[in-house]
2 protein chains.
Amino acid sequence: MNFPAQEQVNEMNLINIESVKLSCKNCSLSELCLPRSLSDDDLARFEEIVDTRPPIPKGGALYHAGEASQALYAIKSGAFKSVVTTEDGEEQIVGFHMPGELVGFDGVESVHNCTVVSLDRSTVCELPLRDLEALSRKVEGLQREVYTVMRREISQEQAMLLLLARRTAESRLASFLLSLSHRLGSRGFSRNEFNLVMSRHDIANYLGLAAETVSRLITRFQESGIVEVNRRRVTILDLAMLKERVGQPGGTKV
Amino acid sequence: MNFPAQEQVNEMNLINIESVKLSCKNCSLSELCLPRSLSDDDLARFEEIVDTRPPIPKGGALYHAGEASQALYAIKSGAFKSVVTTEDGEEQIVGFHMPGELVGFDGVESVHNCTVVSLDRSTVCELPLRDLEALSRKVEGLQREVYTVMRREISQEQAMLLLLARRTAESRLASFLLSLSHRLGSRGFSRNEFNLVMSRHDIANYLGLAAETVSRLITRFQESGIVEVNRRRVTILDLAMLKERVGQPGGTKV
DNA sequence: CGAGAGAGTTGATCCAGGTTAAGTACGTGG
DNA sequence: CCACGTACTTAACCTGGATCAACTCTCTCG
């Protein structure tokens with residue numbers, strides 16, 4: 001991603017990881033990561049279990065479906081997509097993950113069932129499950145923190161099920177743009193102007209559409225003066241109108 | 001539901017609930033519920049936090065979207081659907097829940113975001129979150145047990161996202177029938193003959209289809225000799241052919 | 001036992017969005 | 001600075017499944 005604001009974050013991470021010992025207390029994401037409600041004391045204990053990982057290049061995988069699930073990952077910079085693959089090679093993107101978010105909650109019998117691929121040069125903190133489990137038995141708030149994040153994940157996926165089952169293509173794309181805007185905004189980036197880290201193809205796949213449809217819709221939104229899109233740079237011109245496009249009648253009636 | 005086998009379970013539950021003090025050790029579902037890996041000692045402690053709830057009639061709600069999330073529920077008999085509702089009254093069924101399964105993992109900031117409705121007269125055990133949290137800080141395996149169930153939930157929803165985004169109507173219905181067969185089978189009921197607890201309308205909603213489409217597909221499957229359906233009673237005649245219908249090319253190409 | 005209500009089926013028609021097929025713009029390496 | 005590959009756009013056409021509209025079957029209730 002190339003947000004002006006985000007470049008700063010990248011800078012900070014590079015410094016943290018390469019020259020200074022990792023510190024949760026000073027991390028720019030600390031408010032977004034797990035140890036939100038921890039005391040200084042508990043935070044120190046939390047820091048002990050956090051490992052740093054070498055940056056993951058664009059296209060590289062954080063983990064693969066089928067691998068044992070051994071850690072959660074906090075995204076410090078960059079972005080990821082989670083991909084579910086069927087036996088016959090079909091792929092479905094089930095989520096995009098932005099800085100400040102946690103990934104690694106998927107899996108059955110401690111085996112991941114999706115592959116998480118970096119969309120950019122990305123950096124993450126690794127939180128080994130074993131340590132996290134042990135620590136959360138000691139630290140009151142931590143366990144609840146983890147549950148909260150997982151519950152939110154479940155709820156988000158349920159919202160996505162509704163989107164895919166009941167909404168028109170137009171509503172899906174509008175929701176997608178609003179969701180991106182919201183997520184980036186709540187992490188301190190601009191709500192109205194941002195870069196898409198993912199290709200049109202990825203967006204289409206995620207939304208259950210054809211890439212051509214996404215392209216057509218973007219054009220239509222531009223013609224209506226709702227957004228301006230230049231390659232991967234998006235500017236939201238009329239938020240209200242964008243929201244209207246979500247609610248639009250369509251999809252299967254109930 | 002009216003499986004011959006399930007009637008037994010209902011019997012047992014009625015006895016448990018109405019005449020005998022609830023006992024996890026003797027519960028017919030104990031292998032399916034949370035305390036799978038607990039020692040006798042820990043099981044006793046687990047039993048202490050479990051509450052019983054009065055049976056929930058068909059159409060009644062276990063909990064509503066917007067309510068505070070205070071417990072998990074183990075389904076002892078009957079069945080439920082989880083429904084997400086949008087502001088404009090649109091409804092999407094995001095899951096069906098069978099005996100032996102746990103519900104209550106949805107929610108953001110400890111508020112449920114879906115409503116869980118009984119599809120039959122149903123009985124559940126209530127596991128208050130507060131107690132569960134406290135206990136899982138003491139009992140080694142319990143915390144992992146809860147994580148495991150939540151992770152499976154997330155993975156199942158991801159599979160559902162793939163289904164809705166990429167599969168044809170035929171493939172969706174075939175998957176649905178196979179999944180039901182599998183889930184009931186793994187709980188000791190017949191894999192080849194079972195009752196649908198939910199209406200055609202519910203099935204259609206869940207699969208992102210129109211009820212008419214589900215009806216037509218059932219007819220088509222019957223004509224192909226794959227299943228026999230009589231009102232809500234389903235008999236799978238040719239499992240292999242049913243599986244073929246899942247893999248069938250179709251949906252959006254990747 | 002007949003009327004009415006839900007639930008399910010079936011058939012006819014239509015359209016959102018997929019598919020196919022050219023394009024165009026960018027960006028990198030030679 | 002040109003050539004080639006990749007990402008994206010645009011247009012024409014086609015189809016799976018939604019919608020609309022009867023109709024049937026069961027069950028319930030008076």
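Per chain, numbering begins at 1; letters A, B, ... match sequence-line order. These numbers come from a predicted model, not from an experiment.
The distance from atom CD of B/Q222 to atom P of C/dG8 is 14 Å, rounded to the nearest whole Å. D/dT9 atom C1' lies 15 Å from atom CZ of A/R220, rounded to whole Å. In this structure, NE2 of B/H201 is placed 14 Å from P of C/dT9, rounded to the nearest angstrom. Per the geometry, CG belonging to B/N195 stands 16 Å off C1' belonging to C/dG8, to the nearest Å. Regarding A/K58, its NZ atom lies at a distance of 13 Å from the P atom of D/dT6, rounded to whole Å. Going from atom CG of B/L207 over to atom P of D/dG16 covers 19 Å, rounded to whole Å. Summarising the geometry, the separation between CG on A/D202 and P on D/dA7 is reported as 10 Å, rounded to the nearest angstrom. Distance, B/N230 CG to D/dC27 P: 11 Å, rounded to whole Å.
Aromatic rings of A/Y206 and A/F96 (six-membered ring for Trp) have centroids within the 6.0 Å cut-off, being under it.
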How far apart are the C-alpha atoms of A/R167 and A/S175, what are their side-chain angles, what is the distance that settles it, and do they pass the side-chain contact (heavy atoms from CB on, under 4.5 Å) test? CA-CA 10 Å; A/R167 298 300 191 167; A/S175 291; 5.8 Å; no

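Under the 3.5 Å distance criterion, with hydrogens and angles disregarded, a donor-acceptor pair is assigned to the side chains of B/R151 and A/S69.
Residue contacts for B/R172: at a heavy-atom cut-off of 4.0 Å it reaches no nucleic acid atom on any strand shown. Across all strands, A/S215 comes closer than 4.0 Å to base atoms (heavy-atom distances).
Counting atom types as modelled, A/E212 pairs no side-chain N or O with a base atom of D/dC8 as donor and acceptor under 3.5 Å.
Of the candidates C/dG18, D/dG17, C/dG8, the closest approach to any side-chain atom of B/T168 belongs to D/dG17. The side chain of A/R231 sits closest to D/dC8 out of C/dG17, C/dT19, D/dC8. Taking the side chain of B/T219 as heavy atoms from C-beta on, and the options C/dT9, D/dG17, D/dA11, the nearest nucleotide is C/dT9.
Sequence order on DNA chain C of the closest nucleotides to B/V229 and A/A169 puts B/V229 first from the 5' end. Comparing A/R232 and A/R216 by the nucleotide of DNA chain D that holds the closest heavy atom to each, the one mapping nearer the 5' end is A/R232.
Regarding contacts with the backbone of D/dT9, a side-chain N or O of A/R200 is found under 4.0 angstrom from either OP1 or OP2. Residue A/S199 places no side-chain N or O under 4.0 Å from the OP1 or OP2 atom of D/dA7.
At distances below 3.5 Å, not a single donor-acceptor pair connects side-chain atoms of A/E170 with backbone N or O atoms of A/R245.
Side-chain contact between B/I236 and B/S181 is present, with heavy atoms from C-beta onward closer than 4.5 Å.
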